[in-house]
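These notes concern the structure reproduced below.
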Amino acid sequence: MQQGQPMIVMSEDSQRVKDENAQDYNISAARAVAESVKSTLGPKGMDKMLVDSMGSVTITNDGVTILQEMDIDNPTAEMIIEVAETQEDEAGDGTTTAVSIAGELLKNAEDLIEQDIHPTAIIKGFHMASEQAREEINDIATEVDTEDEDLLRSVAETSMTGKGTEVNKEHLAELIVEAIRQVTVEDDEGNNVVDLEFLNIETQTGHSTGESDLLEGGIVDKDPVHDNMPTSAEDADILLLNEPIEVEETDIDTEVSVTDPDQLQQFLDREEKQLQEKVEQIADLGADVVLCQKGIDDLAQHYLAKEGILAVRRAKKSDLEFLSEVVNAAIVSDLGSATAADLGHGDLTRDDEDELFYVEGEDAHGVTLLLRGSTDHVVDELERGVNDALDVVAQTVSDGRVLAGGGAIEVELASRLRDYADSVSGREQLAVEAFADSLELVPRVLAENAGLDSIDTLVDLRAAHDEGDVEAGLNVFTGDIENTNETGVVEPAHAKEQAVTSAAEAANLVLKIDDIISAGDLSTDKGDDEGGAPGAGGMGGMGGGMGGMM
């Protein structure tokens with residue numbers, strides 16, 4: 001105030017939300033994100049159809065895919081989306097679980113705030129509960145033999161169940177476990193390291209999912225450049241070339257005056273000789289196959305065919321880099337300096353029906369998982385499910401710990417955290433208990449999505465755990481409470497640890513905010529669309545992006 005007049009330090013377009021209003025705004029936005037994916041959780045979870053501004057359709061129940069495809073332009077909501085992205089990067093699966101727990105933590109925190117418990121006490125309690133939960137997960141987790149292929153298949157099947165791969169999940173699980181085994185190496189300390197960079201995924205439509213296959217090598221989705229070239233080669237010397245087999249062009253524009261037709265013919269003859277020399281260099285190296293990233297001149301194609309060399313042009317850079325590991329070859333950028341040592345060795349087989357080459361090398365470290373499906377939408381969802389399964393199997397091989405699924409770990413954690421809360425003094429005790437309640441969201445939602453009574457299910461689960469059955473979980477197909485570890489419903493411990501930690505940290509980050517200052521509207525999308533004000537339902541700029549999902 002200056003002489004009774006208010007001092008204005010912010011622009012007219014700026015917005016500010018303070019104290020309880022800021023907390024309500026943030027919690028509402030975060031809970032809306034969690035609600036949007038909650039119905040996809042578990043084997044009986046439903047799918048979402050997402051249509052972008054260009055009309056492209058995505059049908060999936062993968063949490064991180066849904067949140068990335070949704071048109072969300074709210075800053076708090078985007079913080080929650082980061083939870084899903086971190087979970088995907090670190091664990092490969094459990095994105096919906098992480099986001100749902102974060103939303104439930106904030107819902108329970110809102111109840112505590114209404115009871116005049118300060119956010120600082122809630123944040124401290126959540127942090128204590130999160131640390132304790134990690135310790136309990138490590139205590140509950142079962143150490144496994146990473147050579148146990150039956151267990152690894154169970155991990156893969158658990159991850160894929162309900163993701164469009166269910167009918168053929170046994171076949172796909174076998175392929176996934178074998179693929180992980182092929183790219184697993186031991187480090188200097190004897191630990192298993194899964195190198196997923198050497199695992200390539202290719203997709204094809206027009207087939208059934210059961211025809212998916214694993215190849216000890218790579219795929220080149222190209223045709224031979226000349227009809228007279230061979231279409232297969234066994235025990236071939238393979239040249240991977242990152243140089244065009246074309247006439248060399250000058251770097252600057254040149255103009256030549258020709259006064260005699262013979263002079264023009266000399267130019268043409270010289271160009272032809274250049275191409276012939278390049279092909280002779282390839283032949284002298286002993287190459288039977290040339291996979292070229294750049295172009296191949298029509299005349300060079302003719303000469304290569306005469307030499308009996310199989311050539312492919314415009315191969316993808318990523319394919320060449322992958323094949324360099326498969327056939328143990330160097331990628332050549334200059335033919336003049338290439339040697340026979342740069343060549344790789346392997347077999348090329350042509351699949352005329354699918355119009356592609358299979359490239360296999362001896363003792364190849366690189367493998368290709370060829371996923372087949374009836375349509376593009378089926379194949380896309382299949383690929384997402386298989387990617388998640390690959391990640392969780394890789395985590396299990398690296399980490400060596402698993403947990404019982406079906407909500408078993410969440411109910412057991414909640415029980416142990418309630419016991420732990422008795423040893424916590426102050427108001428933080430209530431936050432620890434709220435954390436325990438939040439974890440039980442998972443079995444409740446599993447039951448709801450399966451059409452079961454969530455309250456009865458939770459009561460039965462608590463009773464089983466009180467009797468000492470640590471691995472008692474829900475069979476969503478029968479509605480029975482059973483030992484899910486024995487029935488093959490298992491999850492990697494690392495993924496659960498990451499989900500609990502990420503959810504707690506995201507919730508604490510949101511709770512710590514008591515003032516929102518925006519230079520304009522609170523939308524993060526500064527396009528033509530106007531973001532809603534905080535007072536309009538507490539959702540800011542999320543109205544358009546989230547409305548159809550709620």
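Start at 1 with the first residue, then count along the sequence.
- Side-chain atoms of Arg134 and Thr501 include a donor-acceptor pair closer than 3.5 Å.
- Between the side chain of His465 and the backbone N or O of Ala472, at least one donor-acceptor pair lies under 3.5 Å.
- A salt bridge is absent between Glu143 and Arg401: the closest approach of a Lys/Arg side-chain nitrogen to an acidic carboxylate oxygen does not fall below 4.0 angstrom.
- Separating the OG atom in Ser324 from the CD1 atom in Ile331 is a distance of 4.5 Å, to the nearest 0.5 Å.
- Counting heavy atoms from C-beta on, the side chains of Leu403 and Val490 never come closer than 4.5 Å.
- Taking a 6.0 Å sphere around CD of Glu321, one finds it holds more than 12 heavy atoms contributed by other residues, nucleotides or ligands.
- Gln498 and Ser502 share a side-chain donor-acceptor pair at under 3.5 Å.
- Counting heavy atoms of neighbouring residues, nucleotides and ligands inside a 6.0 Å radius, atom CG of Asp139 exceeds 12 of them.
- Lys48 and Ser36 form no side-chain donor-acceptor contact under 3.5 Å, judged by distance and modelled atom types alone.
- Partner of Leu214 under the side-chain contact (heavy atoms from CB on, under 4.5 Å) criterion, out of Val177, Leu199, Val367, Leu172: Val367 alone.
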Working for side-chain contact (heavy atoms from CB on, under 4.5 Å), residues Thr76 and Val510 = CA-CA 7 Å; Thr76 310; Val510 171; 4.1 Å; yes

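- Lys169 contributes atom NZ, which lies 14.0 Å from atom OG1 of Thr209 (distance to the nearest 0.5 angstrom).
- A salt bridge links Lys496 with Glu410: the closest approach of a Lys/Arg side-chain nitrogen to an acidic carboxylate oxygen falls below 4.0 angstrom.
- Residue Tyr358 is tested with Asp347, Asp351, Asp213 for a side-chain hydrogen bond (donor to acceptor under 3.5 Å, both in side chains); the sole match is Asp351.
- Counting heavy atoms of neighbouring residues, nucleotides and ligands inside a 6.0 Å radius, atom CG of Asn328 does not exceed 12 of them.
- Once rounded to the nearest 0.5 Å, the distance linking CD1 of Ile176 with CG of Leu390 reads 5.0 Å.
- Inspection of the Asp93 and Ser159 side chains reveals an N or O donor paired with an N or O acceptor under 3.5 Å.
- In this structure a side-chain-to-backbone donor-acceptor pair under 3.5 Å is present from Asn449 to Leu41.
- Of all heavy-atom pairs spanning Lys222 and Arg313, the tightest one is CD-O, 3.8 Å.
- Side-chain contact, Thr60 with Glu381: a donor N or O sits under 3.5 Å from an acceptor N or O.
- By the 4.0 Å N-to-carboxylate-O rule, Glu149 lies close enough to Arg153 to be salt-bridged with it.
- Defined by atom type and a distance below 3.5 Å, a donor-acceptor pair is missing between the side-chain atoms of Asp235 and His345.
- Note that the CD1 atom of Ile245 and the CD atom of Glu243 stand 8.0 Å from one another [nearest 0.5 Å].
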